[in-house]
Amino acid sequence: MAYDADVIVIGAGLAGLVATAELVDAGKKVILLDQEPEQSIGGQAHWSFGGLFFVDSPEQRRFRIKDSRALAMQDWLGTAGFDRPEDHWPRQWAEAYVNFASGEKRAWLHAQGMRFFPVVGWAERGGYDATGHGNSVPRFHITWGTGPGVVAPFERRVREGVARGLVEFRFRHRVTGLSRTAGVVDTVSGEILEPSGAERGTASSRETAGEFELRAQAVIVTSGGIGGNHDLVRAQWPERLGTPPEFMLSGVPAHVDGLMLGITEEAGAHHINRDRMWHYTEGIQNWNPIWAKHGIRILPGPSSLWFDARGKRLPVPLFPGFDTLGTLEHIQKSGYDYTWFVLDQKIIGKEFALSGSEQNPDLTGKSIRDVIGRARADVPAPVKAFMDHGADFVVEKDLASLVRGMNALTKEPLIDEAELRREIVARDREIANPFTKDLQVMSIRGARNYLGDKLIRTASPHRILDPKAGPLIAVKLHILTRKSLGGLETDLSSRVLTEGGEPLPGVYAAGEAAGFGGGGVHGYRSLEGTFLGGCIFSGRTAGRAAARAID
């Protein structure tokens, strides 16, 4: 029986494009499958903010940030918390990835035309001791062009492969099975869905127009996200994170359903660490949604006061931007699945960024003029649109009116004005002199020691109830689904392993399907923010390994 291609790649997201591009460079013939129409090429990466994890980069050095491979590895291991026998390969992937991020990663991407915003961001600041969770220094490098700018060089390389006759796109092909010949997984079968003109991210038809069966020497699985499948998220929700939320927003389109993980398991793959997951706690309902339950994440600076559903400040160090999963655990054990930011216009204008390529038209469109315009604006236009139209925003001149607006957005009027005022006034008193016992105020002042934060990410310390800083703003925050941190177990060549630890013949995995490497390179928590780096590194590894392995 003849092969239809050297390699079949399942999933045309970032990891699939990277793997295919590497196979093209090796002169291999590839069929690239995806259930969505061609207009959704690039998958979830297209919608991302485009942040990448670099260590000791030129951008860091320009801002006098002293980073090193040793410091990054210390942070990675302190954050991951590897503690299981099945963390054998994830830990090795972590070592390899930090080596990549501190080595050739930036230069390799730069050579392909990618450029980076000069100010380095500081994701997941931690707030514990030196060996605990968090980035010790800023490492979040925003790609010029955001998510589309990350996808572009790999899409270009793949389309060059199409022009050379090495790559064949098969969109609207939904995989339902993997099967073997002589013990090797070499057959991919499934359904051909009817053509769809659905715009990127919107729901496409699931009506079938036929079936397919294709054979290749190797199969690379790069479809594995679960964030659009809330039932699966709840089914895999771990007890350590409390009760699964009754209401969640989706940070990814509905077609991110996790079904390919189960299909690969049925073929013999070992799916590990499925209870490890990453969901954001600062989700807001998109006033102009693209997909169902479309949520946007606020990327906050450190100054907003964070209150639980009853109006109590979240405990140290659960400040905005410090510990995503620590905050998620606290929220889900509180009996409610929403929280509040309380701030003022001075803070929102300086500190609020919104995650997503469509929420950052200046960076996505590579417009220096618009970036300068954003920096000069009292409130950036995308944020102002949410203030004006967002269902989760309350904007008022005085605290009494703010509390009435907050209580109007919930089933029960849980916020007591006197208690909320007491908390805010107590915090405001700590601003009066350079000494404080309030660790959040210390963190604000510490953030401003970094020039990048002082310039564009952290408002100068001030009293929130100062009328000159107003109006007052409250934002109701929801849980926003994003990533599974577990996945198909793989060795350092991206070969998928069976439960017994042996390679599943013919099968490789990359991206979220592989837990971004090994079945969970991030462990329990992530330092990265956007997960694009893991897609790039594991996709590159899988493509190169598959190319070496076949005739």
Side-chain angles (χ1 to χ4, degrees), residues 49-82 91 93-111 114-144 299-303 317 319-324 350-351 353 375 434 439-461 521-523 525-534 536-537:
F49 198 23
L52 290 170
F53 181 88
F54 298 142
V55 177
D56 193 26
S57 69
E59 290 79 14
Q60 287 175 303
R61 293 194 293 271
R62 254 179 239 122
F63 276 90
R64 300 180 180 178
I65 299 166
K66 295 180 180 180
D67 202 4
S68 67
R69 187 262 178 205
L71 182 61
M73 198 70 238
Q74 173 180 294
D75 288 347
W76 196 284
L77 294 178
T79 293
F82 296 127
R91 183 177 180 124
W93 269 89
E95 294 266 1
Y97 180 64
V98 172
N99 289 342
F100 179 58
S102 59
E104 66 174 310
K105 179 182 178 182
R106 186 190 179 281
W108 183 66
L109 296 174
H110 191 275
M114 288 175 61
R115 298 295 182 265
F116 309 101
F117 190 63
V119 181
V120 185
W122 199 344
E124 291 297 301
R125 301 182 189 220
Y128 304 93
D129 60 28
T131 60
H133 167 63
N135 284 293
S136 297
V137 297
R139 296 190 176 108
F140 188 80
H141 297 69
I142 301 169
T143 304
W144 193 233
L299 300 172
S303 300
F319 310 135
F322 277 64
D323 180 2
T324 293
K350 186 84 174 236
E351 297 194 6
L439 286 176
Q440 185 172 4
V441 175
M442 289 184 195
S443 297
I444 295 167
R445 291 173 175 157
R448 287 175 62 83
N449 286 330
Y450 166 47
L451 181 59
D453 274 349
K454 186 173 183 178
L455 287 173
I456 63 172
R457 289 295 286 148
T458 307
S460 58
V521 67
H522 297 286
R525 285 176 163 94
S526 172
L527 291 178
E528 286 213 272
T530 64
F531 302 92
L532 299 174
I536 291 169
F537 184 56

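The nearest pair of heavy atoms linking Gly134 to Leu527 is C-CD2, 3.4 Å. Taking all atoms of both residues into account, the shortest heavy-atom contact from Gly126 to Pro317 is O-CG, 3.7 Å.
Every residue two or more places apart in sequence or in another chain that forms a side-chain hydrogen bond (donor to acceptor under 3.5 Å, both in side chains) with Ser303 is listed here: Glu351. The salt bridge (Lys or Arg N to Asp or Glu O under 4.0 Å) search around Arg115 returns none, not counting sequence neighbours. Take Arg69 and apply the salt bridge (Lys or Arg N to Asp or Glu O under 4.0 Å) test, not counting sequence neighbours, and it matches Glu95. Partners of Asp453 under the side-chain hydrogen bond (donor to acceptor under 3.5 Å, both in side chains) rule, at least two apart in sequence or in another chain, are Arg125. For the side-chain contact (heavy atoms from CB on, under 4.5 Å) test, residues two or more places apart in sequence or in another chain that qualify with Thr143 are Leu52, Met114, Phe116, Val150. Evaluation of the ring-ring contact (aromatic ring centres under 6.0 Å, His included) rule for Tyr450 yields Phe63 as partners, not counting sequence neighbours. Applying the side-chain contact (heavy atoms from CB on, under 4.5 Å) criterion to Thr324, with sequence neighbours excluded, gives Glu124, Trp278, Tyr280, Arg297. Residues passing the side-chain hydrogen bond (donor to acceptor under 3.5 Å, both in side chains) test with Asp75 are Ser136, Arg139, sequence neighbours excluded. For the side-chain hydrogen bond (donor to acceptor under 3.5 Å, both in side chains) test, residues two or more places apart in sequence or in another chain that qualify with Arg106 are Glu59. Partners of His133 according to the ring-ring contact (aromatic ring centres under 6.0 Å, His included) rule, which considers only residues two or more places apart in sequence or in another chain, do not exist here. Under the rule for a ring-ring contact (aromatic ring centres under 6.0 Å, His included), the partners of Trp76 that lie at least two apart in sequence or sit in another chain are Phe53, Tyr97, His522.
Below 30°, between 30° and 60°, or above 60°: for Phe537 and Trp93 the angle between ring planes is above 60°, a perpendicular geometry.
Rounding to the nearest 0.5 angstrom, the gap separating the OG1 atom in Thr79 from the CG atom in Asn135 is 6.5 Å.
Residues Lys350 and Ser460 are not in side-chain contact: their nearest non-hydrogen atoms beyond the backbone lie 4.5 Å or more apart. Pro302 is listed as a side-chain neighbour of Phe322, based on a closest heavy-atom distance under 4.5 Å.
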